[in-house]
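To start, the structure under review is shown below, and the notes come after it.
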Amino acid sequence: MQTFAEQRCDRRKLTNLKDVAEYVGMSVSTVSRVLNDKAYVDPSTRRIVLAAVEELGYRPNALARSLKIGRTYTIALLIPDIQNLYLTMIVRGVEDAARQEGLTVILCNTDENTDIEAEYINVLRDRWVDGFVISSISKKSDSIRRLKNEGYPMVLTVRYYDYLSGIDTVAVDNFNAAYQAVKYLYELGHRQIGLVLGDISLNVYKDRFAGYREALRDFDLPLNERIIIKNAVDGSEALIHDVEMMVNQPTDCPDAIFATSDLKAISVMHALHKNGKQIPEDISVMGFDDIPLSSLVHPTLTTMKQPLYEIGQLSVQKLISQIEAKATNGQHIHSIELLPTEIISRQSTRRRSERL
């Protein structure tokens with residue numbers, strides 16, 4: 001005769017719905033109704049079934065259930081690199097919003113490599129996930145374009161391209177944000193406003209460059225290529241070297257530098273400190289993003305705040321709307337949501353007339 005412990009061990013080996021039904025002396029359909037919460041079940045019956053499920057350690061076969069209902073309650077998030085601090089805030093927004101809706105998030109780092117991006121999409125698209133939130137799109141992202149053409153639920157976040165109509169997008173108006181950043185520096189009295197850009201093949205930096213140029217035109221300031229750094233990589237020795245060359249020119253030295261990300265701005269500040277330049281007494285510095293680190297560096301960084309956490313949250317809400325519309329053959333109207341940005345004024349900028 002088996003001991004209680006042996007019986008309990010054997011019970012934990014029961015893994016299918018039929019075993020649970022036999023254990024509680026009910027039909028498979030009754031147990032199924034309790035677990036799927038699809039129809040009315042007597043409360044006492046529900047308690048017995050749930051207690052048995054807990055005791056036996058039974059877990060429904062998620063894959064089988066997904067195939068049956070056509071949903072996995074899992075979404076994929078494609079990002080370039082989780083080490084980029086502005087992306088961590090978006091990831092948190094996506095994850096929190098997904099958890100509230102009972103969704104699991106699969107995080108995929110593409111490393112700006114379209115082959116890796118395509119591999120993730122090909123693996124996950126065939127019923128592994130219900131949809132994609134994507135912040136890694138580039139002009140070469142053919143696999144993402146195929147997703148669009150197939151009508152697969154997806155949302156672009158941060159990065160987008162105007163010619164890709166019919167895709168939900170959550171981002172900011174990068175053109176206007178850069179324009180307002182230059183306007184802010186101009187109103188502080190700066191007239192030689194340098195620029196540090198990221199990869200200009202990406203729309204976010206192209207739009208920020210366009211906003212910068214438009215502001216210079218409106219304020220009758222010259223476009224001086226000698227104080228513009230393009231294709232800058234955060235924290236790289238090349239960027240620090242380029243900033244050193246920019247600020248040590250005998251002429252055309254900037255009195256302010258607008259960097260198109262906070263990490264680029266922090267690299268700029270490092271280069272200025274290294275070369276004996278005082279911030280903001282000699283040169284004001286402004287970033288873009290408002291990552292948590294921007295308020296911890298010295299001096300604290302003035303920046304154009306993106307609502308990164310909110311971008312992540314809204315992206316999930318839009319994706320859920322698409323998924324539900326697809327499941328019910330309903331209609332979903334695609335849209336581009338451009339959330340507002342905000343200037344966060346800190347110690348790295350000051351009015352030019354106040355400079356020592």
Side-chain angles (χ1 to χ4, degrees), residues 1-77 91-108 123-133 147 150-155 168 170 309-310 312-334:
M1 183 175 178
Q2 286 184 313
T3 65
F4 176 80
E6 289 171 335
Q7 292 175 6
R8 187 175 183 85
C9 181
D10 283 347
R11 288 171 182 174
R12 286 177 174 170
K13 294 176 183 177
L14 303 177
T15 56
N16 62 53
L17 205 62
K18 183 179 178 182
D19 291 332
V20 176
E22 290 178 352
Y23 180 69
V24 295
M26 299 177 187
S27 68
V28 170
S29 60
T30 298
V31 174
S32 178
R33 286 199 301 273
V34 170
L35 296 180
N36 292 312
D37 200 23
K38 290 292 185 181
Y40 175 78
V41 177
D42 184 80
S44 62
T45 299
R46 183 181 301 278
R47 284 195 296 271
I48 292 170
V49 171
L50 294 179
V53 165
E54 180 67 24
E55 183 178 353
L56 300 174
Y58 169 73
R59 294 294 179 267
N61 186 317
L63 180 58
R65 181 171 181 268
S66 297
L67 292 172
K68 183 177 179 180
I69 66 176
R71 290 281 299 274
T72 65
Y73 294 93
T74 302
I75 62 174
L77 172 60
V91 170
R92 189 57 195 250
V94 166
E95 202 169 33
D96 286 354
R99 187 184 303 111
Q100 289 175 3
E101 298 294 335
L103 302 176
T104 299
V105 180
I106 297 176
L107 178 63
C108 307
V123 168
L124 295 171
R125 70 197 297 177
D126 296 327
R127 285 198 173 276
W128 283 89
V129 297
D130 296 330
F132 292 84
V133 175
L147 280 180
E150 294 168 3
Y152 211 101
M154 65 183 232
V155 176
D168 278 340
V170 185
Y309 182 83
E310 291 78 6
Q313 287 185 308
L314 183 55
S315 297
V316 171
Q317 293 167 14
K318 282 185 166 292
L319 185 62
I320 291 172
S321 177
Q322 287 185 53
I323 293 168
E324 291 178 345
K326 182 178 180 180
T328 60
N329 294 317
Q331 184 179 12
H332 174 82
I333 300 175
H334 297 281

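The chain is numbered in sequence order, starting from 1.
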To the nearest 0.5 Å, tell me how far Leu314 CG sits from Leu319 CG.
11.0 Å
Donor-acceptor pair, side chain of Asp130 and main chain of Ile75, under 3.5 angstrom
no
Heavy atoms of Ala52 and Val24 approach each other most closely as CB-CG1, 3.3 Å
Does any part of the side chain of Met26, heavy atoms only, come nearer than 4.5 Å to the side chain of Val20, both counted from C-beta?
no
For Val133 and Ser315, which heavy atoms make the closest approach, and how far apart are they?
CG1-CB, 4.0 Å
What's the separation between atom CD in Glu101 and atom CD1 in Ile323, rounded to the nearest 0.5 Å?
10.0 Å
Check whether any side-chain heavy atom of Ile106 lies under 4.5 Å from a side-chain heavy atom of Leu77, and answer yes or no.
no
Rounded distance [0.5 Å steps], OG in Ser321 versus NE2 in His334
9.0 Å
When you compare the side chain of Leu147 with that of Arg125, does any pair of heavy atoms fall below 4.5 Å?
yes
Could you measure the distance from the CG atom of Asp42 to the OG1 atom of Thr30? Nearest 0.5 Å is fine.
10.5 Å
Test item: Gln322 and Asp168 side chains (from C-beta on) under 4.5 Å apart, heavy atoms:
yes
Could you pull out all residues at least two apart from Ala21 that satisfy side chain to side chain contact (heavy atoms under 4.5 Å, CB included)?
Val28, Val31
Using every non-hydrogen atom in the two residues, find where Lys326 and Pro153 come nearest and quote the distance to one decimal.
NZ-CD, 3.8 Å
If you define the side chain from C-beta out and look only at heavy atoms, does anything of Leu103 sit under 4.5 Å from Ile320?
yes
With a 4.5 Å limit on heavy-atom distance, are the side chains of Glu55 and Tyr23 in contact?
yes
Measuring only between side-chain heavy atoms, which start at C-beta, is Val155 closer than 4.5 Å to Val170?
yes
Inspect the contact between Arg92 and Asp96 and indicate whether a charged nitrogen and a carboxylate oxygen are less than 4.0 angstrom apart.
yes
Can you measure from CE (Met154) to NZ (Lys318) and round to the nearest 0.5 angstrom?
13.5 Å
